[in-house]
Amino acid sequence: MNLFPQIPSEIPAQAGDSIGRVPAFDSRSRRFLLVDGALRERSGREAVQQWFDLMLRQQPGRVPIYATEEGAPGLGIDREMLGSKLPSGLITAEIERNVRETASYCPAVRAIRDLTVKRKGRSCHVEFTAELYTNETLEVSTDV
């Protein structure tokens, strides 16, 4: 097991505003957002925010479309350890590693800073600041 995130070598650095368009998805209702029957779209910072929202809810290796290179742990947060009897510090460190490794796959993100993980029973609250290649920052706060 590697202590440091594996940064994919084949994903080019892109600015957050040039990521393109993605269909808007509401993770609370688990539905795509429609306006007059057409998909609403997100781009730039909104697209990056939605990317984090979706990726941090994924279990590594569970959804084939999010598969990474052979042997890599995959995108997402491994929540199976939350109900285990592992030491709390080990679980927190592993979740931090999962977050940093997952963030390394987003082409708009330069770095992650101020990462905090607060355990809440069988879930965790994760907060961090993502630094984008456009020199903007994005505050991410989600429950996993």
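Values reported hereafter were calculated over all heavy atoms of this structure, with side chains retained and with hydrogens, waters and symmetry mates removed.
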K.L.:
Quick one: closest heavy-atom pair of Tyr133 and Val109, and the distance?
P.N.:
CE1-O, 3.3 Å

K.L.:
Would you indicate whether the side-chain heavy atoms of Val126 and Ile95 approach each other to under 4.5 Å?
P.N.:
yes

K.L.:
Any side-chain to backbone donor/acceptor pair from Arg40 onto Pro23? Under 3.5 Å, distance only.
P.N.:
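Here the side-chain-to-backbone pair does not exist.
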
K.L.:
Kindly state each residue pair satisfying ring pair (Phe, Tyr, Trp, His ring centres under 6.0 Å) with at least one member in residues 75-99, sequence neighbours excluded.
P.N.:
none

K.L.:
Do Val140 and Trp51 come close enough that some side-chain heavy atom pair is under 4.5 Å?
P.N.:
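Contact flag for Val140/Trp51 side chains = no.
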
K.L.:
I want to check something: taking the side chain as every heavy atom from C-beta on, are Thr92 and Lys118 in contact at a cut-off of under 4.5 Å?
P.N.:
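Of all side-chain heavy-atom pairs linking Lys118 with Thr92, none is under 4.5 Å.
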
K.L.:
Are Ile112 and Glu131 close enough that some pair of their side-chain heavy atoms sits under 4.5 Å apart?
P.N.:
no

K.L.:
Under the side-chain hydrogen bond (donor to acceptor under 3.5 Å, both in side chains) rule, collect the residues that match up with Glu46, sequence neighbours excluded.
P.N.:
none

K.L.:
Which residues satisfy the side-chain hydrogen bond (donor to acceptor under 3.5 Å, both in side chains) test with Gln50, sequence neighbours excluded?
P.N.:
Arg42

K.L.:
Please give me the minimum heavy-atom distance between Leu132 and Arg110, naming the atom from each residue.
P.N.:
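Answer, listing the atom of Leu132 first, then Arg110: O-NH2, 3.7 Å.
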
K.L.:
When you measure from the side chain of Arg45 to the backbone of Thr137, do you find a donor-acceptor pair of N or O atoms at a distance under 3.5 Å?
P.N.:
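Here the side-chain-to-backbone pair exists.
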
K.L.:
How about Val99 and Phe128: do any of their side-chain heavy atoms sit closer than 4.5 Å?
P.N.:
yes

K.L.:
Checking side chain to side chain contact (heavy atoms under 4.5 Å, CB included) for the pair Leu39/Phe25: CA distance, chi angles, key distance, verdict?
P.N.:
CA-CA 9 Å; Leu39 281 172; Phe25 184 78; over 6 Å; no

K.L.:
Which atom pair, heavy atoms only, marks the closest approach of Glu139 to Thr129?
P.N.:
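Minimum heavy-atom contact is OE1-OG1, 2.9 Å.
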
K.L.:
When you measure from the side chain of Arg30 to the backbone N and O of Asp26, does any donor-acceptor pair fall under 3.5 Å?
P.N.:
no

